[in-house]
Amino acid sequence: MLCKIGDIEVWRILEMNVPILTPEDLWPNAESDVREVVERHAPGSIDAATGGLILPVQGFLLKTSQHIVLVDACVGNHKTNRLPAWHMKSDNRFMSALTAAGVGPEDIDYVLCTHLHTDHAGWNTQLVDGRWVPTFPNARYLMPAEDNELYRELGGAPYVESVAPVVEAGQAEMVTPGHMLGDHITLIPTPGHTPGHASILIRHSGAEAVITGDALHSTVQCWRPEWEFIYDEDGKTAVASRKQLLGDAVEAGWKVLGSHFKLPSVGRVKAEGDAFRWEED
Ligand SMILES: [Zn+2]
């Protein structure tokens with residue numbers, strides 16, 4: 001188990017932990033010493049061999065007294081992807097992590113996608129006899145309505161492979177920020193990375209934690225929230241959401257689970273000057 005929020009168990013479902021693009025490529029509007037700033041505020045997150053930022057891809061499994069909830073469904077197998085490390089991969093890491101958490105695909109009550117990018121919706125479906133079918137047969141899939149509208153219109157392999165089959169199976173429920181799943185899980189709006197992007201607030205017995213999704217990608221963005229990530233759909237809005245989320249995390253004292261943060265990805269945010277500082281748990 002990764003941690004407990006009150007009585008809610010949180011399990012890490014780690015699928016990958018490999019370098020992708022370089023910091024310069026990932027944050028095109030960062031200052032020229034981006035690499036040094038990353039080393040200072042996210043130490044050890046740059047891969048020495050490739051110069052790429054190591055970006056874990058993970059979901060979080062929540063076991064509440066009411067439901068078993070998977071927050072984000074990672075990359076998946078056999079999926080079309082623009083990043084080579086993610087493209088058409090086939091391995092059992094995601095499923096093994098679920099097994100280690102004591103659940104099988106049929107046990108999941110809800111799949112909650114923070115947004116509908118390929119590394120958060122991939123295991124929504126799997127390829128069976130040449131057809132994409134929902135991986136979790138008994139789950140309701142909660143997806144941001146605005147993301148669904150945008151990506152349905154754009155079409156493209158990620159939507160066709162990982163979202164449309166869930167809609168066609170009647171298992172999808174399009175939701176908007178503020179939506180509550182049971183008594184302890186709330187979607188809070190953090191638009192910008194995608195239009196419907198939501199971070200996930202978990203509350204139980206006075207304990208509170210937030211799963212960032214892609215409102216941030218690295219702990220360095222606590223210090224530099226104004227850095228726009230290359231895959232932000234609307235960089236300016238993402239910056240505003242990031243600052244709001246960081247400010248709220250400080251004010252409320254939330255535990256923070258950074259979806260793509262360097263492992264162990266769990267800590268807290270402190271205010272420092274005009275920005276924020278990351279403190280690992
Ligand atoms: Zn992501």
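We count residues from 1, following the sequence as given. Indexing begins at 1, ligand by ligand and atom by atom, following the structure's order. All values below come from the heavy atoms of this structure, side chains included, with hydrogens, waters and symmetry mates left out.
At a threshold of 2.8 Å, the Zn ion (ligand 1) has a backbone or side-chain N, O or S atom of His120 nearer than that distance.
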### Message
Does Lys255 form a salt bridge (charged side-chain N to carboxylate O under 4.0 Å, His left out) with Asp281? I'd like the steps, not just the answer.
### Response
CA-CA 9 Å; Lys255 186 191 279 288; Asp281 265 8; 2.7 Å; yes

### Task
Test Lys89 against Val75 for side-chain contact (heavy atoms from CB on, under 4.5 Å), laying out the working first.
CA-CA 9 Å; Lys89 74 162 194 66; Val75 168; 4.2 Å; yes

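Side-chain contact between Ser162 and Lys79: present, with at least one pair of heavy atoms (C-beta onward) separated by less than 4.5 Å.
The angle His260:NE2 - the Zn ion (ligand 1) - Asp119:OD2 amounts to 90°, with values rounded to 10 degrees.
Minimum heavy-atom separation, Gln58 to Cys74: C-SG, 3.5 Å.
Here the N, O or S atom of Asp214 that is nearest to the Zn ion (ligand 1) is OD2.
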